[in-house]
Amino acid sequence: MQRHGPGTSAAPRMRVTGLLLLVAHLLIVSWLTLRPRTVPWVPAANLEPLATIRAELALGPSWQAVEHLGGSVLLLAPLGVLLPLSAGRLNVSPLVSFARTTFAGAMIALAIELLQSGVPGRVPDIDSVLLGTLGVALVHLAVVPGARYRLRRREEQLRGRTPRIPRVEVAPQADVLSGGRTYR
């Protein structure tokens with residue numbers, strides 16, 4: 001039986017919570033992006049990077065442009081927190097965590113766009129991949145390093161610091177095994 005008290009690690013609970021929230025978020029995203037739409041006209045697929053973004057900004061600052069571009073950024077943004085949370089690691093390099101999370105977010109965005117190519121009324125757009133990846137990266141940078149720092153500090157306080165004895169070091173392994181004797 002595993003106990004979850006103040007002296008135990010919170011990683012298993014974080015991992016399970018992260019996985020459940022990740023699955024729920026991906027189900028909602030897939031429902032929003034992959035259900036068929038009945039529209040009388042569908043534009044051509046956009047495979048030129050930044051074309052949609054330039055076209056939206058060329059119309060001038062409007063609520064519709066903010067809604068379209070901001071919606072693409074915010075759609076996958078929670079993955080910036082949910083992916084590291086589902087891994088349940090506290091002691092990981094911030095750069096490695098950022099790269100891993102951003103890459104996974106980009107692959108999820110790409111998979112959604114590829115699946116959209118087979119859904120009636122949906123059109124794949126490379127700019128949605130770029131904006132979704134940007135959202136994942138921004139949320140990861142804004143939340144995860146600080147949250148990991150606070151969780152590591154909290155875990156240290158709950159466990160207590162490891163006592164250190166001055167002038168005592170680890171002996172080399174050869175000295176420990178030999179015990180001062182020579183074996184031939």
Does the side chain of [Y] come within less than 4.5 Å of [X]'s, by heavy atoms?
{"X": "L75", "Y": "I112", "answer": "no"}
{"X": "E56", "Y": "D127", "answer": "no"}
{"X": "D125", "Y": "E113", "answer": "yes"}
{"X": "T101", "Y": "V144", "answer": "no"}
{"X": "M14", "Y": "L90", "answer": "yes"}
{"X": "L69", "Y": "V73", "answer": "no"}
{"X": "Q116", "Y": "T33", "answer": "yes"}

Smallest separation among heavy atoms of [X] and [Y], with atom names:
{"X": "L83", "Y": "A104", "answer": "CD1-CB, 3.7 Å"}
{"X": "T102", "Y": "A137", "answer": "OG1-CB, 3.9 Å"}
{"X": "A106", "Y": "V129", "answer": "O-CG1, 4.2 Å"}
{"X": "P49", "Y": "L47", "answer": "CD-O, 3.5 Å"}

- Message: Under 4.5 Å side-chain heavy-atom separation, chaining through any Ile, Leu, Val, Met, Phe, Trp or Tyr, what else clusters with Y149? Say none if it is isolated.
- Response: none
With clusters defined by side-chain heavy atoms of hydrophobic residues (ILVMFWY) lying less than 4.5 Å apart, directly or transitively, does [Y] cluster with [X]?
{"X": "L74", "Y": "L131", "result": "no"}
{"X": "V66", "Y": "L134", "result": "no"}
{"X": "V29", "Y": "L27", "result": "no"}
{"X": "L79", "Y": "W31", "result": "yes"}

- Message: Evaluate L26 against I108 for side chain to side chain contact (heavy atoms under 4.5 Å, CB included), listing each step before the verdict.
- Response: CA-CA 9 Å; L26 289 176; I108 291 171; 4.1 Å; yes
- Measure from the side-chain N and O atoms of S72 to the backbone N and O of H68, and report whether any donor-acceptor pair falls under 3.5 Å. yes
- Query: Checking R148 side chain against N91 main chain: does a donor-acceptor pair fall under 3.5 Å?
  - Reply: no
Got a second to check how far [X]'s [atom1] is from [Y]'s [atom2], nearest 0.5 Å?
{"X": "R153", "Y": "E156", "atom1": "CZ", "atom2": "CD", "answer": "9.5 Å"}
{"X": "T52", "Y": "N46", "atom1": "OG1", "atom2": "CG", "answer": "3.5 Å"}
{"X": "S117", "Y": "R122", "atom1": "OG", "atom2": "CZ", "answer": "12.5 Å"}
{"X": "L110", "Y": "S128", "atom1": "CG", "atom2": "OG", "answer": "11.5 Å"}
{"X": "L114", "Y": "M107", "atom1": "CG", "atom2": "CE", "answer": "9.5 Å"}
{"X": "T133", "Y": "L76", "atom1": "OG1", "atom2": "CG", "answer": "7.5 Å"}

Between side-chain atoms of residues 16-24 and protein atoms elsewhere (two or more places apart, or another chain), which donor-acceptor pairs fall under 3.5 Å?
residue	atom	partner	partner atom	Å
T17	OG1	R13	O	2.8

- Task: Begin from the C-alpha positions of H140 and S97 and carry the test side chain to side chain contact (heavy atoms under 4.5 Å, CB included) through to its verdict.
- Result: CA-CA 9 Å; H140 181 85; S97 175; 3.0 Å; yes
- Message: Once side-chain contact (heavy atoms from CB on, under 4.5 Å) is applied, do any residues pair with T38, and if so which ones, sequence neighbours excluded?
- Response: none
